[in-house]
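Structure record follows, encoded as structure tokens.
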Amino acid sequence: YDKRNFENGGFTGARGDHQRYKAMASFQSHFKGLFFSSLGLGYEIVEYEDHALQNTDNFALQASAAYMFSPKTQIGLSGYRKLNNDNDFRQGVKDNLIQLDIDYELKHNLHLSTNGSYRSYDYIGSARKDEDTSGKLSLRYLNSAHIETALKYSYFDRDSNQSNLSYNRH
């Protein structure tokens, strides 16, 4: 259960105040220290206090898996499907993500990591749809248990069906 009250200052449109109900069941597995996974399935409902906004519901998913490909290489896959809300878009957004991670220990405490992700947004009550593609590459040195030094590069691309909202950065 989650209750949100948005403070909107001088905004005079529909308020995004809502109550969220979510139920999930999950399953976790571990196999010989080589494979780890978790899967959560459920359903969520968002009820808006302002009748100008339509209540929404959604199938919810949270999943992750990690495989120790070799003693120095770990491969991970994760994803989710959920409803999001913010002050900019009060009706809600169906948010979907899938991400692949690879981590390789080049030498003791020196790791080369990469990940790639695809994320889609479906704006409820609007024709707007966004698709994000991103990738990251990093070289990390673990100086101690609490300190690391890293060199990172990232790329991000948003493709929106509203042309003024498409962009990329790196």
Side-chain angles (χ1 to χ4, degrees), residues 1-69 73-103 113-136 138 146 152 154-162 165-167 169:
Y1 175 77
D2 179 36
K3 180 172 176 65
R4 295 277 172 99
N5 291 319
F6 289 88
E7 298 297 325
N8 60 1
F11 181 75
T12 58
R15 291 181 55 95
D17 300 350
H18 66 272
Q19 296 177 7
R20 178 186 307 263
Y21 305 92
K22 187 175 191 177
M24 291 194 74
S26 66
F27 170 77
Q28 293 186 347
S29 69
H30 305 279
F31 179 72
K32 295 184 179 182
L34 296 174
F35 183 77
F36 309 93
S37 67
S38 67
L39 176 65
L41 297 172
Y43 194 73
E44 63 185 318
I45 299 169
V46 178
E47 295 178 347
Y48 293 95
E49 293 178 14
D50 190 325
H51 296 294
L53 298 175
Q54 180 182 353
N55 293 341
T56 58
D57 57 350
N58 186 46
F59 163 71
L61 168 71
Q62 180 79 37
S64 65
Y67 174 62
M68 291 300 296
F69 184 73
T73 307
Q74 179 175 325
I75 300 172
L77 183 65
S78 60
Y80 64 73
R81 177 180 173 87
K82 62 184 178 181
L83 288 173
N84 277 331
N85 295 83
D86 62 25
N87 277 333
D88 294 330
F89 199 85
R90 287 168 175 59
Q91 183 66 39
V93 181
K94 290 183 181 178
D95 183 1
N96 303 284
L97 170 82
I98 188 162
Q99 180 170 310
L100 175 67
D101 298 287
I102 301 172
D103 185 74
S113 302
T114 186
N115 79 27
S117 67
Y118 170 79
R119 191 171 182 177
S120 67
Y121 300 94
D122 184 4
Y123 292 79
I124 300 166
S126 169
R128 180 178 170 189
K129 294 186 185 322
D130 294 346
E131 294 182 344
D132 296 350
T133 307
S134 66
K136 297 178 185 172
S138 68
H146 303 288
K152 299 180 180 182
S154 63
Y155 178 80
F156 177 87
D157 181 69
R158 169 163 288 167
D159 184 24
S160 179
N161 65 352
Q162 297 184 4
L165 297 175
S166 294
Y167 64 94
R169 67 176 176 235

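Quick note: residue numbers are just sequence positions, from 1. Owing to the predicted nature of the structure, the values given are computational and were not obtained by experimental measurement.
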Contacts of [X] that satisfy side chain to side chain contact (heavy atoms under 4.5 Å, CB included) - sequence neighbours left out:
X	value
Ser166	Asp159, Ser160
Phe27	Ser29
Asn161	Arg128, Lys129
Ala23	none

With [X] via side-chain hydrogen bond (donor to acceptor under 3.5 Å, both in side chains) - residues at least two apart:
X	answer
Tyr118	Glu131
Asp157	none
Thr114	none
Thr73	Ser70

Any non-hydrogen side-chain atom of [X] less than 4.5 Å from a side-chain atom of [Y]?
X	Y	value
Tyr121	Asp132	yes
Tyr48	Asp17	no
Leu83	Lys94	yes

Mind checking the CZ-OG spacing from Arg119 to Ser134? Nearest 0.5 Å is all I need.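 With rounding to 0.5 Å, CZ (Arg119) is 9.0 Å from OG (Ser134).
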Nearest 0.5 Å, what's the CG-CG distance between Asp95 and Asn84?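 One gets 4.5 Å once the value is rounded to the nearest 0.5 Å.
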Within the side chain of Asp101, is there an N or O that forms a donor-acceptor pair under 3.5 Å with the backbone of Asn115?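 Checking the backbone N and O of Asn115 against the side chain of Asp101, no donor-acceptor pair under 3.5 Å is found.
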Chi angles and distances behind the side chain to side chain contact (heavy atoms under 4.5 Å, CB included) call for Leu97, Ser117: CA-CA 7 Å; Leu97 170 82; Ser117 67; 4.0 Å; yes
Apply side chain to side chain contact (heavy atoms under 4.5 Å, CB included) to residues Asp130 and Tyr123 and explain how you reach the verdict. CA-CA 8 Å; Asp130 294 346; Tyr123 292 79; 3.2 Å; yes
Dump the intermediate steps for ring-ring contact (aromatic ring centres under 6.0 Å, His included) on Tyr167 and Phe156, then the final yes or no. CA-CA 8 Å; Tyr167 64 94; Phe156 177 87; 5.6 Å; yes
Counterpart residues, ring-ring contact (aromatic ring centres under 6.0 Å, His included), relative to Tyr67 (two or more places apart):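 Testing Tyr67 for ring-ring contact (aromatic ring centres under 6.0 Å, His included), a comparison that skips the adjacent residues, returns none.
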Quick one: do Tyr80 and Asn96 satisfy side chain to side chain contact (heavy atoms under 4.5 Å, CB included)? Show the steps, please. CA-CA 6 Å; Tyr80 64 73; Asn96 303 284; over 6 Å; no
Residue pairs fulfilling salt bridge (charged side-chain N to carboxylate O under 4.0 Å, His left out) with at least one residue in residues 38-48, sequence neighbours excluded: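 As it turns out, the salt bridge (charged side-chain N to carboxylate O under 4.0 Å, His left out) pairs with a partner in residues 38-48, which skip direct neighbours, are Arg20-Glu44.
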Step by step, would you call Gln19 with Asp2 a side chain to side chain contact (heavy atoms under 4.5 Å, CB included)? CA-CA 6 Å; Gln19 296 177 7; Asp2 179 36; over 6 Å; no
Which atom pair, heavy atoms only, marks the closest approach of [X] to [Y]?
X	Y	result
Met68	Gly33	CG-O, 3.8 Å
Val93	Ile124	N-CD1, 4.2 Å
Gln162	Ser126	NE2-OG, 4.5 Å

Who are the salt bridge (Lys or Arg N to Asp or Glu O under 4.0 Å) partners of Lys3, not counting sequence neighbours?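 For Lys3, the residues satisfying salt bridge (Lys or Arg N to Asp or Glu O under 4.0 Å) (neighbours in sequence not counted) are Glu49.
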What residue pairs, at least two apart or across chains, pass side chain to side chain donor-acceptor pair (under 3.5 Å) with a residue in residues 56-65?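 Side chain to side chain donor-acceptor pair (under 3.5 Å) check on residues 56-65 returns Ser38-Ser64, Tyr43-Asp57, Asn58-Arg81.
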